[in-house]
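Let me begin by presenting the structure, written as structure tokens, before commenting on it.
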Amino acid sequence: QVHLVEVGGGSVQAGGSMRLSCAASGSIFRLNTLGWYRQLPGKQREQVATVTIRGVTNYQGSVEGRFTVSRDNRKNTVDLYMYALKPEDTAVYYCYAYGYQSASDSRASEYWGPGTQVTVSS
């Protein structure tokens, strides 16, 4: 099993910045993709930013230019740096991983952290 633990979150004023960190542990062979999703109140979970093992990033349009995702392949960690935060960024943020527990796995699996609340006040 792959376990994801998020660190960070909390409350910040609009225009502020915040960093979220996530560490993956457990049985890990390769994590092809790491990243962050969020769930706004009353909405479905949505992708925020992801980064592949080769460093290719993908951002949701509303955060592009304000958020930066980065990973450390040796440590199996992923960070999300959030700048110029807006009240509409208020959500529960989830760490996400897509990969393999062992070399013998025939398919990759998805893994999720428990989530951390980010609240941006105006």
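Just so you know, these numbers come straight off a predicted model, no measurement behind them.
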Between CZ on residue Arg19 and OG1 on residue Thr68, distance to nearest 0.5 Å: 12.0 Å

Shortest non-hydrogen contact between Ala24 and Val2, atoms and distance: CB-CG1, 4.3 Å

Residue pair Ala97 / Leu34: nearest heavy atoms and the distance that separates them: CB-CD2, 3.6 Å

Check: Arg45 and Val92 side chains under 4.5 Å, non-hydrogen atoms: no

Nearest-0.5 Å distance that lies between atom OG in Ser109 and atom CG in Leu31: 11.0 Å

Smallest separation among heavy atoms of Asn32 and Arg71, with atom names: O-NH1, 3.4 Å

Aromatic plane relationship, Tyr96 with Tyr37 - under 30° parallel, 30 to 60° tilted, over 60° perpendicular: tilted

Atom of Ser122, atom of Ala14 and distance for their closest heavy-atom approach: CA-CB, 4.2 Å

Spacing of CD belonging to Glu110 relative to CG belonging to Leu4, to within rounding of 0.5 Å: 11.5 Å

Backbone of Ser25 reached by a side-chain donor or acceptor of Asn76 within 3.5 Å: no

Nearest heavy-atom neighbours spanning Val118 and Gly9: CG2-CA, 4.0 Å

Residue pair Val78 / Cys95, side-chain heavy-atom distance below 4.5 Å: yes

Main-chain N/O of Lys43 paired with Gln39 side-chain donor or acceptor, under 3.5 Å: yes

Donor-acceptor under 3.5 Å (Tyr59 side chain, Val69 main chain): yes

Plane angle bin for Tyr93 and Phe67 - parallel if under 30°, tilted between 30 and 60°, otherwise perpendicular: tilted

Distance, nearest 0.5 Å, that separates CH2 of Trp36 from CG of Asp79: 7.5 Å

Main-chain N/O of Gln101 paired with Asp105 side-chain donor or acceptor, under 3.5 Å: yes

Thr116 side chain vs Gly8 backbone, donor-acceptor pair below 3.5 Å: yes

Val51 with Leu80, same ILVMFWY side-chain cluster at under 4.5 Å: yes

Any donor-acceptor pair under 3.5 Å from Thr119 side chain to Thr90 backbone: no

Approximate separation, where rounding is to 0.5 Å, of Ser62 OG and Lys86 NZ: 7.5 Å

Heavy-atom neighbours of Glu88 CD exceed 12 at 6.0 Å: yes

Minimum side-chain heavy-atom gap Gln47-Gln60 below 4.5 Å: no

Val120, Leu20, Val48 screened by side-chain contact (heavy atoms from CB on, under 4.5 Å) with Met82, the one that passes: Leu20

Closest non-hydrogen atom pair between Pro114 and Tyr94, with its separation: O-CE2, 3.5 Å

Contact check, side chains of Asp89 and Arg66, non-hydrogen atoms, under 4.5 Å: yes

Sidechain-backbone polar pair: Glu6 side chain, Gly115 backbone, donor-acceptor under 3.5 Å: yes

Within 6.0 Å of CD in Gln1, more than 12 heavy atoms from elsewhere: yes

